[in-house]
Amino acid sequence: MNYWLFKSEPDVFSIDDLAACRNKTTYWDGVRNYQARNYLRDTIKKGDGVLFYHSNSEPLAIVGTCEVVKEGYPDFTAFEPESKYFDPGSSPDKTVWYMVDIRLKEKLKQPVTLAMLKAKPELKNMKLLQKGNRLSVMPVTPDEWKTILEMQNL
DNA sequence: GCCAACGTTGGC
DNA sequence: GCCAACGTTGGC
């Protein structure tokens, strides 16, 4: 079992949008980066834990935990010309992009903000905090996961 | 709105 | 295969 952090802009898709989904479950579409794609296709497994992070908004923060309920399968939005995620280079025959399904486990008692994460010495190696990091799907260590979940109680 | 960092594209 | 130009991400 592994842990991950998924970024989402709440203007596009927020934790409350996920909470409003049927079974609190959605497919994680639109990832168009090869490194993130490889995680989605190859590494992320059913039952893995996911931290849901709000980017490009106030507050910048981890806002909830999710569980992977379906492992990597073709991101069909790449096949739809009307989709903003359309990619003519991907087709059902030759799929380039992948997605997983996640289900909301719980919203955190309070958002664990980027500032709080930065202030935590134990988290200084966290991928999210590394300069220039732009991955929207990234691994989190078990220790980081535990530390972050404890921080919601402060 | 700015801009640093990074990924992708395409000419050579 | 190099690398300049360009587009995107995302914190500030």
Side-chain angles (χ1 to χ4, degrees), chain A residues 2-21 26-44 48-66 68 71-102 104-141 143-152 154:
Chain A
N2 291 302
Y3 298 103
W4 307 92
L5 182 145
F6 286 12
K7 290 181 190 169
S8 184
E9 299 190 26
D11 290 347
V12 178
F13 189 83
S14 73
I15 188 107
D16 290 324
D17 292 328
L18 177 55
C21 288
T26 192
Y27 50 84
W28 200 257
D29 64 357
V31 173
R32 296 292 179 267
N33 167 283
Y34 285 102
Q35 196 177 345
R37 186 282 307 271
N38 291 345
Y39 287 136
L40 291 170
R41 186 186 61 188
D42 306 329
T43 319
I44 298 177
D48 282 0
V50 174
L51 296 170
F52 195 111
Y53 177 81
H54 278 171
S55 65
N56 266 320
S57 75
E58 269 306 311
L60 293 163
I62 293 166
V63 290
T65 57
C66 305
V68 176
E71 293 178 12
Y73 62 104
D75 180 343
F76 55 82
T77 64
F79 311 147
E80 300 173 340
E82 64 280 3
S83 170
K84 66 175 169 174
Y85 299 128
F86 178 60
D87 179 359
S90 189
S91 69
D93 287 349
K94 240 184 140 184
T95 301
V96 177
W97 306 115
Y98 285 77
M99 58 188 179
V100 300
D101 288 358
I102 62 170
L104 179 65
K105 281 174 75 180
E106 53 192 4
K107 284 180 73 171
L108 300 191
K109 292 174 200 162
Q110 63 166 333
V112 174
T113 66
L114 183 61
M116 290 165 67
L117 297 172
K118 283 182 174 172
K120 201 81 174 166
E122 301 96 299
L123 297 177
K124 70 174 190 301
N125 292 325
M126 226 188 134
K127 275 215 165 44
L128 180 70
L129 304 183
Q130 303 315 307
K131 190 173 168 184
N133 165 70
R134 281 170 36 186
L135 268 186
S136 61
V137 170
M138 68 182 80
V140 171
T141 70
D143 283 347
E144 289 164 353
W145 175 275
K146 184 160 171 280
T147 300
I148 289 161
L149 291 195
E150 283 166 0
M151 288 167 74
Q152 69 178 305
L154 295 179

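Numbers restart at 1 for each chain; the letters A, B, ... are given by sequence-line order, proteins then strands. Note that this is a predicted model, so its numbers are computed, not measured.
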From [atom1] of [X] over to [atom2] of [N], roughly how many Å is that when rounded to an integer?
| X | N | atom1 | atom2 | result |
| --- | --- | --- | --- | --- |
| L5(A) | dG10(C) | CG | C1' | 14 Å |
| Y34(A) | dT9(B) | OH | P | 7 Å |
| R32(A) | dT8(C) | CZ | P | 14 Å |
| L117(A) | dC12(C) | CG | C1' | 16 Å |
| N38(A) | dG7(B) | CG | P | 13 Å |
| Q35(A) | dG7(B) | CD | P | 7 Å |
| H54(A) | dT9(C) | NE2 | C1' | 17 Å |
| I62(A) | dG11(C) | CD1 | P | 12 Å |

Exercise. dT9(C) phosphate, OP1 or OP2: any side-chain N/O from K131(A) under 4.0 angstrom?
Worked result: no
For this session: Answer yes or no: does a side-chain N or O of K7(A) lie under 4.0 Å from OP1 or OP2 of dG10(C)?
Result: yes
Exercise. Does the side chain of D101(A) pick up a donor-acceptor pair with the side chain of Y73(A) at under 3.5 Å?
Worked result: yes
Problem set entry | Backbone of K124(A) reached by a side-chain donor or acceptor of Q130(A) within 3.5 Å | yes
Problem set entry | Main-chain N/O of D29(A) paired to D75(A) side chain as donor or acceptor, under 3.5 Å | no
Exercise. Which word best sums up how the rings of F13(A) and W28(A) line up, parallel for under 30°, tilted for 30 to 60°, or perpendicular for over 60°?
Worked result: perpendicular
For this session: Compare the minimum distances between each of dG11(C), dA5(B), dG7(B) and the side chain of N56(A), then state the nucleotide with the smallest one.
Result: dG11(C)
